[in-house]
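Here's the structure, in structure tokens; my notes come after.
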Amino acid sequence: MRVIVTGGAGFIGSHVVDALVARGDEVHVLDNLATGSRENVAPAAMLHEGDIRTDAGRLFDKVQPELCVHLAAQADVSTSVQRPDYDAEVNVLGTVRILEAARAHDAQVVFSSTGGAIYGECDGPAAEAAPRRPLSPYGIAKLAAEEYLAGWNRLYGTGHVALRFANVYGPRQSASLEGGVVAIFLERMAAGQPTAIYGDGGQTRDFVYVGDVAEAVLAAVRHAGGVFNIGTGVEISVSELHAACRRATGSADLPSRGPAREGDVVRSVIDPTLAATALGWHARTSLDDGLALTWAAAQD
Ligand SMILES: NC(=O)c1ccc[n+]([C@@H]2O[C@H](COP(=O)([O-])OP(=O)(O)OC[C@H]3O[C@@H](n4cnc5c(N)ncnc54)[C@H](O)[C@@H]3O)[C@@H](O)[C@H]2O)c1
């Protein structure tokens with residue numbers, strides 16, 4: 001297939017590009033390198049430096065893609081609180097521009113949404129129909145973008161898919177970007193620097209390995225359209241995660257304790273049952289295996 005991956009120079013995008021290249025697709029990346037990097041992009045893919053807000057139409061006309069994996073985003077929750085207008089420009093308006101560019105070429109869009117930022121506080125694994133209670137402009141914008149996809153499916157008969165990712169981790173994740181707790185723990189343990197846990201460490205997240213997320217994107221290709229949770233359904237506390245990182249690295253680090261961070265939800269976990277039945281996808285990589293792969297990649 002001819003594919004455009006927006007955000008393909010970023011963490012998740014670069015793994016999606018690798019998976020598409022591996023199955024023989026012609027892959028074009030649209031990325032403005034705001035947080036991504038050239039080195040992340042597989043040599044077999046073509047990097048087009050540009051912005052989804054202004055350059056999508058031109059690139060789609062040139063490439064004539066059959067598929068667009070739309071991962072480019074302003075993905076930082078704090079930035080979305082400080083600059084909700086910028087967040088909406090990239091995450092809402094940018095997505096509308098992608099939808100229109102894709103419509104001109106009958107291309108399917110597979111979109112990266114978020115579980116954690118859409119469901120808010122969870123009292124168990126949240127299914128797709130659970131109440132949506134975003135607690136940040138970022139979550140609101142992702143939800144709005146999902147509604148555009150669903151609306152385009154109704155209006156134009158497209159088969160666009162929104163995937164609500166849990167907390168994704170793996171090689172090439174940046175410790176400097178928000179949400180990269182795995183990258184932060186591993187990087188600090190590698191450097192022999194101390195780590196810190198904020199709050200009592202009992203707060204839980206659903207950690208899904210990036211290679212499994214790339215497989216979920218492939219599973220969504222040519223689907224008739226919908227919204228699917230992409231996570232493990234397993235709650236891991238930050239203290240448990242820290243212990244698993246120690247196992248992976250052989251570190252003896254004991255974390256210091258800091259005050260709970262304002263706005264941090266206590267429980268965040270998503271139910272992946274629908275993705276299993278409708279897409280035939282499930283997370284295959286255990287946390288220990290995923291951490292070992294991430295650690296090994298960091299040693300190269
Ligand atoms: N990492 C996670 O745990 C997680 C969880 C849920 C959802 N997501 C979503 O997955 C997607 C990828 O996230 P990531 O963790 O790889 O982040 P990332 O920051 O590594 O990737 C985002 C990419 O988009 C590019 N980009 C940003 N603004 C752009 C613009 N205006 N035009 C073109 N390119 C632009 C960046 O340069 C970067 O390469 C995002 O949509 C994010 O919201 C991530």
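Just so you know, these numbers come straight off a predicted model, no measurement behind them. Computation of the quantities below employed the complete heavy-atom set of this structure, encompassing side-chain atoms and omitting hydrogens, waters and symmetry-equivalent molecules. When a ligand or atom number is given, it counts from 1 through the structure's own listing order.
For Ala117, no heavy-atom contact with ligand 1 is shorter than 4.0 Å. Only the side chain of Tyr138 comes within 4.0 Å of ligand 1, counting heavy atoms alone; its backbone N, CA, C and O stay farther away. With a 4.0 Å cut-off on non-hydrogen atoms, Lys142 touches ligand 1 through its side chain and not its backbone. Only the backbone of Leu33 comes within 4.0 Å of ligand 1, counting heavy atoms alone; no side-chain atom from C-beta on gets that close.
For atom 35 (C) of ligand 1, the closest non-hydrogen atom on the protein side is Asn32 OD1, 3.0 Å. Given atom 24 (O) of ligand 1, the protein heavy atom at minimum distance is Ala72 CA, 3.4 Å. Of all protein heavy atoms, the one lying nearest to atom 21 (O) of ligand 1 is Gly10 CA, 3.7 Å. For atom 38 (C) of ligand 1, the closest non-hydrogen atom of the protein is Thr35 OG1, 3.2 Å. Remark: minimum distance from atom 6 (C) of ligand 1 to any protein heavy atom is reached at Phe165 CB, 3.5 Å.
Residue contacts with ligand 1 leave out Arg172, since none of its heavy atoms falls under 4.0 Å from the ligand. Residue Ser113 places a heavy atom under 4.0 Å from ligand 1. Between Ala9 and ligand 1 there is a heavy-atom distance shorter than 4.0 Å. Using 4.0 Å as the threshold, Asp51 has a heavy atom nearer than that to some atom of ligand 1. Between Gly50 and ligand 1 there is a heavy-atom distance shorter than 4.0 Å.
Near Ala75, the atoms of ligand 1 lying under 4.0 angstrom from a non-hydrogen atom of the residue are 42 (C), 43 (O). Taking every heavy atom of Ala73 and a limit of under 4.0 angstrom, the matching atoms of ligand 1 come to 24 (O), 27 (C), 28 (N), 40 (C), 41 (O), 43 (O). Ligand 1 places these atoms under 4.0 Å from at least one heavy atom of Gly36: 36 (C), 37 (O), 38 (C), 39 (O). Ligand 1 places these atoms under 4.0 Å from at least one heavy atom of Leu71: 11 (C), 12 (C), 40 (C), 41 (O). Less than 4.0 angstrom separates some heavy atom of Ala34 from each of these atoms of ligand 1: 37 (O). Shown in contact with Gly7 at under 4.0 Å from a heavy atom are these atoms of ligand 1, numbered in order with element: 23 (C), 24 (O), 39 (O). Of all atoms in ligand 1, listed by their number and element, those nearer than 4.0 Å to a heavy atom of Ala166 are 3 (O), 5 (C), 6 (C). Close approach of ligand 1 to Val168 (heavy-atom distance below 4.0 Å) involves ligand atoms 2 (C), 3 (O).
Tracing side-chain contacts under 4.5 Å through hydrophobic residues (I, L, V, M, F, W, Y), one reaches Leu274 starting from Leu218; they form part of the same cluster.
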request  = Please assess Ser14 against Arg172 for the test side chain to side chain donor-acceptor pair (under 3.5 Å), listing each intermediate value before the final yes or no.
outcome  = CA-CA 8 Å; Ser14 66; Arg172 302 185 205 133; 2.8 Å; yes

Trace of the side chain to side chain contact (heavy atoms under 4.5 Å, CB included) decision for Asp76 with Gln74 = CA-CA 6 Å; Asp76 186 76; Gln74 187 307 107; 3.2 Å; yes

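An N or O contact shorter than 3.5 Å links Ile12 to ligand 1 by distance. Taking only nitrogen or oxygen atoms, main chain and side chain alike, Gln74 does not reach within less than 3.5 Å of ligand 1. Considering backbone and side-chain atoms alike, Ile52 places an N or O below 3.5 Å from some N or O of ligand 1. Taking distance alone, with nitrogen or oxygen atoms compared against 3.5 Å, Asp31 approaches ligand 1 more closely than that limit.
Figure legend: Arg103 and Tyr156 shown as a cation-pi pair, the cationic atom lying under 6.0 angstrom from the six-membered ring centre and within 45 degrees of its axis.
Other residues, nucleotides and ligands contribute over 12 non-hydrogen atoms within 6.0 Å of the CZ atom of Arg257.
Using modelled atom types and a 3.5 Å distance limit, the side chains of His70 and Ser112 yield no donor-acceptor pair. Ser239 and Ser237 form no side-chain donor-acceptor contact under 3.5 Å, judged by distance and modelled atom types alone.
Counting heavy atoms from C-beta on, the side chains of Thr79 and Asp87 never come closer than 4.5 Å.
When all heavy atoms are compared, the tightest approach of Glu128 to Asn229 is OE2-N, 2.7 Å.
Classification of Glu147 and Arg132 as a salt-bridged pair holds, one side-chain N sitting under 4.0 Å from a carboxylate O. Checked for salt-bridge contact, Glu89 and Arg53 meet the test: a charged N lies under 4.0 Å from a carboxylate O. Classification of Glu121 and Arg267 as a salt-bridged pair fails, no side-chain N sitting under 4.0 Å from a carboxylate O. Salt bridge annotation for Asp61-Arg58: absent, with no cationic side-chain nitrogen under 4.0 angstrom from a carboxylate oxygen.
Aromatic ring centres of Phe228 and His223: separated by under 6.0 Å.
The side chain to side chain contact (heavy atoms under 4.5 Å, CB included) with Ser251 is formed by just one residue from the set His242, Met189, Arg188; it is Met189.
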